[in-house]
**Q** 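Before we start, here is the structure in question, set down as structure tokens.
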Amino acid sequence: LVQVGMLRHPSLQDARQRVDGRGNQTHLITHHKIATTMTYRLYNADTLNRYAKDCHERAVDKGFWDGTHSVGHYLMLAFGELHEAIEADRLGKWAKLDHDTIDTLQRIEGAPYAQTFLREVKDTVEDEIADAVIRLLDLLGDFIDRHGLPEWKVNYGIDLYGEDGIPPMLTDALMPIVTDLCIADEKCDPTFGFLNSIKSLELLCDRLDIDLMTHIELKTKYNELRP
């Protein structure tokens, strides 16, 4: 069994309330989904190349690459999204989209879409994790533009949880991702840090019953409506 901790996710059971050192109530919840070999929808050479190039092009168009910034600058933007996911978890903000809501979001456009997205998805755990992955794809896309992304490199990417599996709290589950990205600097080839983190986040989303691809697409659609 794989355990994943968060606040009030509908597919999780057996919540045990506790109080942390600052008096905030949190929940340790056991996830009963059996760990099986998953099929990665995002983490494969073809999809990564397409999504990374698309995310990078959109970010450039929005002005995020105006001026010269370090790799660390863009990694901190991704870290910020992960922190917001933790805060959303603490507040119990989960999108929990059903098929009808997803279908509606995929069909509508313009202002009605933005309003529905703001009501149903914005600032939830799913939304913030998707944001972090979009940030990493953007950064990966910049490296692809300059160096390419051969399939052998994608095949060397690993998930960061190893034999111990995913920790039971979302904070602990995100820690290996932040740690691995901290060594992804300009002094070496940082793409393995990006790849390992994207792969691990997709695995984490699978264990949390989050449709990562759908949330990336929904957030990208929303971002296109923003100035």
**Q** Given the rule in the side chain to side chain donor-acceptor pair (under 3.5 Å) test, do E217 and Y51 qualify, once you have shown the distances and angles that lead to the verdict?
**A** CA-CA 10 Å; E217 291 164 4; Y51 272 64; 2.9 Å; yes
**Q** Check the pair L77, L139 against side-chain contact (heavy atoms from CB on, under 4.5 Å), reporting the backbone distance first and the verdict last.
**A** CA-CA 10 Å; L77 296 178; L139 190 50; over 6 Å; no
**Q** Report yes if some heavy atom in the side chain of Y40 is under 4.5 Å from a heavy atom in the side chain of D206; otherwise report no.
**A** no
**Q** Ignoring hydrogens and geometry, is there a side-chain-to-backbone donor-acceptor pair from Y74 to F64 under 3.5 Å?
**A** yes
**Q** Just how far is it from atom OG of S197 to atom CZ of F79, taken to the nearest 0.5 Å?
**A** 7.5 Å
**Q** What I'd like to find out is whether the side chain of L195 reaches to under 4.5 Å of the side chain of I158, using heavy atoms alone.
**A** no
**Q** Identify whether the distance between the nearest side-chain nitrogen and carboxylate oxygen of K199 and E202 falls below 4.0 Å.
**A**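 The answer is no: the pair does not qualify as a salt bridge.
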**Q** With a 3.5 Å distance limit and no angle check, can you tell me whether D164 reaches the backbone of Y161 through a side-chain donor-acceptor pair?
**A**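 Judged by distance alone, no pair lies under 3.5 Å.
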**Q** Mind listing the closest non-hydrogen atom pair of A78 and A132 along with its distance?
**A**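 A78 and A132 have their closest heavy atoms at O-CB, 3.9 Å.
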**Q** Cut-off 3.5 Å, side chains only: do T220 and N223 have a donor facing an acceptor?
**A**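 Note: T220 and N223 side chains miss the donor-acceptor criterion.
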**Q** Drop me the distance from Q115's CD to E120's CD, to the nearest 0.5 angstrom.
**A**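 Atom-to-atom, Q115:CD and E120:CD are 12.5 Å apart.
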**Q** Below 4.0 angstrom, N of the basic side chain to O of the carboxylate: do D189 and K153 qualify?
**A** yes
**Q** Salt bridge between K221 and E109, side-chain N to carboxylate O under 4.0 Å?
**A**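 Here K221 pairs with E109 in a salt bridge, since their nearest N and O are under 4.0 Å apart.
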**Q** Is R107 salt-bridged to D103, cutoff N-O under 4.0 Å?
**A**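 Yes, charged N to carboxylate O under 4.0 Å.
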**Q** Is it true that, when you exclude Q106 itself, more than 12 heavy atoms of the residues, nucleotides or ligands shown sit nearer than 6.0 Å to its CD?
**A**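 Enclosed: over 12 neighbouring heavy atoms sit under 6.0 Å from CD of Q106.
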**Q** What distance separates H56 NE2 from D142 CG, expressed to the nearest 0.5 Å?
**A** 4.5 Å
**Q** Do I102 and L105 have side chains that approach each other closer than 4.5 Å (heavy atoms only, starting at C-beta)?
**A** no
**Q** Could you check whether any side-chain N or O of E126 sits under 3.5 Å from a backbone N or O of A95, counting only pairs where one atom can act as donor and the other as acceptor?
**A**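 It does hold such a pair.
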**Q** Give, for atom CG of D98 and atom NZ of K96, the distance between the pair rounded to the nearest 0.5 Å.
**A** 11.0 Å
**Q** I want to know whether F143 and F194 have ring centres closer than 6.0 Å.
**A** yes
**Q** Would you call D54 and R50 a side-chain contact if the rule is heavy atoms closer than 4.5 Å?
**A**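 They are not in side-chain contact.
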**Q** With rounding to the nearest 0.5 angstrom, report the CG to CG distance, N196 to D180.
**A** 5.0 Å
**Q** When you check the gap from the basic side-chain N to the acidic O, do K62 and D138 get nearer than 4.0 Å?
**A**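 Not counted as a salt bridge, because no side-chain N and carboxylate O are separated by less than 4.0 Å.
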**Q** Is the closest side-chain heavy-atom distance between T124 and W94 below 4.5 Å?
**A** no
**Q** Quick check: do D127 and Y222 have side-chain heavy atoms less than 4.5 Å from each other?
**A** no
**Q** Between L48 and L137, is any pair of side-chain heavy atoms under 4.5 Å apart?
**A**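 Yes - at least one pair of side-chain heavy atoms lies under 4.5 Å apart.
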**Q** Go through it in stages, so that I can follow the logic: the residues are L82 and L201, the test is side-chain contact (heavy atoms from CB on, under 4.5 Å), and I'd like the CA-CA distance, side-chain angles, deciding distance and then a yes or no.
**A** CA-CA 10 Å; L82 294 178; L201 284 168; 4.2 Å; yes
**Q** Does the side chain of I216 come within less than 4.5 Å of L42's, by heavy atoms?
**A**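 When only atoms from C-beta onward are counted, I216 and L42 do touch, with a gap below 4.5 Å.
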